[in-house]
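Numbers here simply count residues along the sequence, with the first being 1.
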Amino acid sequence: MRGDGGRTSIPSLDSTFSHDEVSMDLTMCGLQVDHAEEMARLYATHRDWTTVEDRWFEERVDGRSTRGSSRKVYSVLSSRFKTADPALPSIARLPSVFEQCQSERDKAQVLYFYLVDDDALVRFVVHEYVRRLAERGVVALDFRQETIESILETFHYADGEAYDYADSTTGRWGEGIRSVLRTIGVLEDQQTVEGQVPNVGTVPLLVASGYSWETNGDEWLTQPTGWLYLFQAEQYWDSLAERLSNHPSWEASGIHGEVRLQPVDETYGWAESMEGDT
């Protein structure tokens with residue numbers, strides 16, 4: 001698939017983000033699959049975030065014991081949807097996306113993209129692990145707290161200042177990222193800290209590929225960002241490409257022996273929108 005035959009790489013995001021872009025939201029709220037799915041359904045139905053917020057608290061759909069903690073969960077989850085990259089499925093399509101998922105893990109892998117897109121610190125750490133995976137293989141997926149902290153220590157804000165959160169906060173953040181990784185299949189259980197390349201369901205594959213296509217265009221297979229975010233090592237790309245080419249919403253073509261893959265029509269046309277897109 002790659003004309004130059006070289007190793008793929010993904011750039012570091014060090015010194016990319018301002019202080020305002022970086023938060024510790026992950027310590028308050030992970031993927032929250034059930035709650036995120038309910039929020040997406042509320043938005044697709046009402047198309048108004050004020051109404052969604054009102055219904056969220058009226059119906060207590062988040063199941064939290066206090067309104068304060070409930071509001072934190074609402075704030076973090078809604079932010080991921082409100083600021084979502086147009087390269088991801090619109091919120092109006094998410095209910096259809098979820099309906100086509102075969103498992104909770106499929107849904108988690110889809111929601112993971114909204115987390116990575118919204119949370120600058122998560123995106124920075126994911127990029128660094130992807131870089132290590134490309135260089136050293138699956139052994140680089142070491143999610144011990146010490147390893148995570150060593151990566152965070154390399155983080156600098158756009159103004160040059162270094163990572164500056166307290167040790168206790170960093171500890172909770174490490175627990176948060178490991179929880180996310182367990183939910184998407186990178187870590188096997190609560191005790192495991194050595195990661196693995198997760199199995200990717202059909203719907204997450206479509207989202208990861210669509211995101212890559214929308215982000216990088218015709219040349220997306222040279223650096224499939226969505227596949228990389230899901231820790232898919234390069235030796236698995238041919239298999240993923242074959243699966244994708246067999247889906248009716250994607251088509252393969254060959255130019256000078258180089259395989260190209262692109263959506264047949266609208267990138268996320270396989271997921272129906274509730275009452276039209278936003």
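At least one side-chain heavy atom of Leu152 sits less than 4.5 Å from a side-chain heavy atom of Leu121. When side chains are defined from C-beta on, Trp173 counts as touching Val122, because their heavy atoms get closer than 4.5 Å. Between Asn246 and Glu242, some side-chain heavy-atom pair lies under the 4.5 Å cut-off. Two residues are said to be in side-chain contact when any heavy atoms from C-beta on lie closer than 4.5 Å; Trp227 and Val200 fail this criterion. In this structure, Val22 and Phe124 have side chains that are not in contact, with every pair of non-hydrogen atoms separated by 4.5 Å or more. Within the 4.5 Å cutoff, side-chain heavy atoms of Ser78 are placed close to those of Met39. Taking the side chain as every heavy atom from C-beta outward, Trp220 and Thr215 never approach each other to under 4.5 Å. Residues Gln262 and Asp218 form a side-chain contact, since some pair of their non-hydrogen atoms from C-beta on lies under 4.5 Å apart.
There is a side-chain donor-acceptor pair under 3.5 Å between Tyr157 and Asp164. With no hydrogens or angles considered, no side-chain donor-acceptor pair links Asp14 and Thr154 at under 3.5 Å. There is no side-chain donor-acceptor pair under 3.5 Å between Thr170 and Asp167.
With respect to Arg182 and Glu188, no salt bridge is recorded, no charged nitrogen being found less than 4.0 Å from a carboxylate O. Look at Arg132 and Glu128 and you find no salt bridge, because none of the NZ, NE, NH1 or NH2 atoms lies under 4.0 Å from a carboxylate O.
A donor-acceptor distance shorter than 3.5 angstrom exists from the side chain of Tyr268 to the backbone of Ala87, with no hydrogens or angles considered. A donor-acceptor contact shorter than 3.5 Å links the side chain of Arg123 to the backbone of Val116. Although no hydrogens or angles enter the test, the distance criterion places a donor-acceptor pair under 3.5 Å between the side chain of Arg178 and the main chain of Phe143. Checking side-chain atoms of Trp56 against main-chain N and O of Arg71 turns up no donor-acceptor pair under 3.5 Å. No donor-acceptor pair under 3.5 Å is formed between the side chain of Arg80 and the backbone N or O of Tyr114. One N or O on the side chain of Ser150 and one on the backbone of Thr147 form a donor-acceptor pair closer than 3.5 Å. In this structure, the side chain of Gln232 engages the main chain of Leu230 through a donor-acceptor pair within 3.5 Å. No donor-acceptor distance shorter than 3.5 angstrom exists from the side chain of Asp106 to the backbone of Val203, with no hydrogens or angles considered. Checking side-chain atoms of Tyr112 against main-chain N and O of Tyr229 turns up a donor-acceptor pair under 3.5 Å. Distance alone, capped at 3.5 Å, places no donor-acceptor pair between the Trp250 side chain and the Gly210 backbone.
One distance of note links CG of Leu141 with CD of Glu194; it measures 10.5 Å at 0.5 Å rounding. Atom CG of Asp119 is separated from atom CE of Met24 by 8.0 Å, given to the nearest 0.5 angstrom. A distance of 10.5 Å separates CG of Leu42 from CZ of Phe81, quoted to the nearest 0.5 Å. Between the OG1 atom in Thr222 and the CG atom in Asn216 there is a gap of 7.0 Å [rounded to 0.5 Å]. To the nearest 0.5 angstrom, Arg131 atom CZ is 5.0 Å from Ser12 atom OG. Atom SG of Cys101 and atom CD of Gln109 lie 9.0 Å apart (nearest 0.5 Å).
Qualifying side-chain hydrogen bond (donor to acceptor under 3.5 Å, both in side chains) partners for Ser245, counting only residues two or more places apart in sequence or in other chains: none.
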Query raised in the report: Should Glu104 and Lys107 be marked as a salt bridge (Lys or Arg N to Asp or Glu O under 4.0 Å) after you check the CA-CA gap, both sets of side-chain angles, and the distance that decides it?
Result: CA-CA 5 Å; Glu104 286 297 298; Lys107 294 177 183 179; 3.5 Å; yes
Report task. Run the numbers on Val264 and Trp270 for side chain to side chain contact (heavy atoms under 4.5 Å, CB included), then give the verdict. Result -> CA-CA 10 Å; Val264 172; Trp270 51 270; over 6 Å; no
Report task. Quick one: do Ser249 and Leu206 satisfy side chain to side chain contact (heavy atoms under 4.5 Å, CB included)? Show the steps, please. Result -> CA-CA 9 Å; Ser249 67; Leu206 291 171; 3.8 Å; yes
Query raised in the report: Between Leu94 and Val110, is a side chain to side chain contact (heavy atoms under 4.5 Å, CB included) present by the stated rule, with each step listed?
Result: CA-CA 9 Å; Leu94 270 181; Val110 169; 4.1 Å; yes
Report task. Test Gln32 against Glu37 for side chain to side chain contact (heavy atoms under 4.5 Å, CB included), laying out the working first. Result -> CA-CA 8 Å; Gln32 301 271 347; Glu37 183 176 7; over 6 Å; no
Requested in this report: Begin with the C-alpha distance, continue with both residues' side-chain angles, and end with the deciding distance and a verdict on side chain to side chain donor-acceptor pair (under 3.5 Å) for Asp54 and Thr51.
Outcome: CA-CA 5 Å; Asp54 290 342; Thr51 303; 5.6 Å; no
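The two atoms that bring Thr202 and Arg243 nearest to each other are N-NH2, 3.6 Å, heavy atoms only. Taking every heavy atom of both residues into account, Thr183 and Ala108 meet most closely at CG2-CB, 3.4 Å. Minimum heavy-atom separation, Val97 to Pro89: CG2-CB, 4.3 Å. Looking at every heavy atom in both residues, Ala92 comes nearest to Ser273 through CB-OG, 3.5 Å. Minimum heavy-atom separation, Tyr43 to Asp48: CE1-N, 3.8 Å. The two residues Val197 and Val138 make their nearest non-hydrogen contact at N-CG2, 4.2 Å.
Linking Ile, Leu, Val, Met, Phe, Trp and Tyr whenever their side-chain heavy atoms come within less than 4.5 Å leaves Val193 and Leu133 in two separate clusters.
Among the candidates Glu99, Gln100, Arg93, the single residue satisfying the side-chain hydrogen bond (donor to acceptor under 3.5 Å, both in side chains) test with Ser96 is Gln100.
In this structure, Glu21 places its CD atom where more than 12 heavy-atom neighbours from other residues, nucleotides or ligands lie under 6.0 Å away.
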